[in-house]
Amino acid sequence: VTANFSQCFAVTTAVVPTGSGTVTTSPGPNCGTKYTQGTTVTFTANPAANRTFTNWSGSASGTTNPTTLAINAAANVIANFITPPVELINANFNTGEDNFNYLDDTFRTTNNPNSANGVRGSTIGNAGSGGLKVMLGENSTSAIPASGGWRRSFTLAAAGAVSVQFDYRLLNTGLDSGQGECSDVLVTIDNTLYGSGGNDYVLRQCGGLNGSWQTFTFQSSQLTSGSHTITIGGYLTKSNKTDEKADVFIDNVLVQTN
């Protein structure tokens, strides 16, 4: 009479965060509530509503779902889930303004509408696609600042921050830095300016510039639930001649929840 023994190991599962989904295993335990050594077990992550599986951790790793694991020791397999971002604005301006509206005097309490204007063009965007443009100082002379921007509303179902990305290009023509003629690329959520490098502007240029397309990304501060606005455009300190101007080009605006 020969007695044969197998070593058995406990296998547990968990999800992060709690309640974000479930994990199923196949086959079931074959040693009471445990598994015999060497058993290959398949783990499947099942996200709850409005959740997305991201990766395994604990005794498993990687992003493949389902995943398999040979049981040679006690194991705890963890499935990690996230709430995917919700797109609030995704505008490329190829067929229209995508619900953006142009407004004069959108930044820094300027009051000089005659020195600002905005248009949409089918070939003025990044890579020759559709885009928006803010024109400051064109065909006017003014020693006082001017500003203009394109604005659109969005609605948050719950309080939180939003992530924003857009493409921009700045073209300064005839501006004289020695005369204090400078322009800024600006963006606001509601009345709050967001910029780069700790500044309240995305880009500032004094004097002439034929800038290339750039991409700017940022995360807003905490916003309340309900309606908010994003405004993207520019600001010009002054233009003393009719051929001194600043043009801000805008394309590919993406606003989404975190």
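In this text the structure is predicted, and so the values were computed from the model without any measurement.
- Partners of T188 under the side chain to side chain contact (heavy atoms under 4.5 Å, CB included) rule, at least two apart in sequence or in another chain, are F107, L193, T231.
- Not counting sequence neighbours, Q165 has no partner by the side-chain hydrogen bond (donor to acceptor under 3.5 Å, both in side chains) test.
- Side chain of T36 to backbone of C31: no donor-acceptor contact under 3.5 angstrom is found.
- Checking Q179 against N240 by side-chain atom types alone, no donor-acceptor pair falls below 3.5 Å.
- Residues meeting the salt bridge (Lys or Arg N to Asp or Glu O under 4.0 Å) test with D247, sequence neighbours left out: K245.
- With sequence neighbours excluded, the residues that form a side chain to side chain contact (heavy atoms under 4.5 Å, CB included) with A70 are T40, N72.
- Each salt bridge (charged side-chain N to carboxylate O under 4.0 Å, His left out) pair with one or both residues in residues 57-71, not counting sequence neighbours, would appear here, but there are none.
- Donor-acceptor pairing under 3.5 Å is recorded for the side chains of D167 and T215.
- Here the side chain of D98 pairs a donor or acceptor atom with the backbone of F93 at under 3.5 angstrom.
- When the side chain to side chain contact (heavy atoms under 4.5 Å, CB included) test is applied to T54, the partners found at least two apart in sequence or on another chain are N80, I82.
- Shown here are the side chain to side chain contact (heavy atoms under 4.5 Å, CB included) partners of T229, two or more places apart in sequence or in another chain: R151, S153, D190.
- Sequence neighbours left out, the pairs with a member in residues 211-239 that pass ring pair (Phe, Tyr, Trp, His ring centres under 6.0 Å) are F154-H228, F166-F216, Y194-F218, F216-F218.
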Side-chain donor-acceptor distances from residues 200-210 under 3.5 Å, at least two apart:
from	atom 1	to	atom 2	distance (Å)
D200	OD1	R108	NH2	3.2
R204	NE	D184	OD1	2.9
R204	NE	D184	OD2	3.3
R204	NH2	D184	OD2	3.0
Q205	NE2	G208	O	3.4
N210	OD1	R169	NH2	2.6

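- For the residue pair T173 / D243, no side-chain donor-acceptor distance below 3.5 Å is found, with atom types taken as modelled.
- For the side chain to side chain donor-acceptor pair (under 3.5 Å) condition, the pairs that include at least one residue of residues 13-29, sequence neighbours left out, are T22-N46.
- Partners of Y35 by ring pair (Phe, Tyr, Trp, His ring centres under 6.0 Å), not counting sequence neighbours: none found.
- E181 contributes a side-chain N or O that, together with a main-chain N or O of D176, makes up a donor-acceptor pair within less than 3.5 Å.
- Under the ring pair (Phe, Tyr, Trp, His ring centres under 6.0 Å) criterion, Y102 pairs with W150, not counting sequence neighbours.
- Judged by distance alone, the side chains of D105 and T110 do bring a donor and an acceptor atom under 3.5 Å apart.
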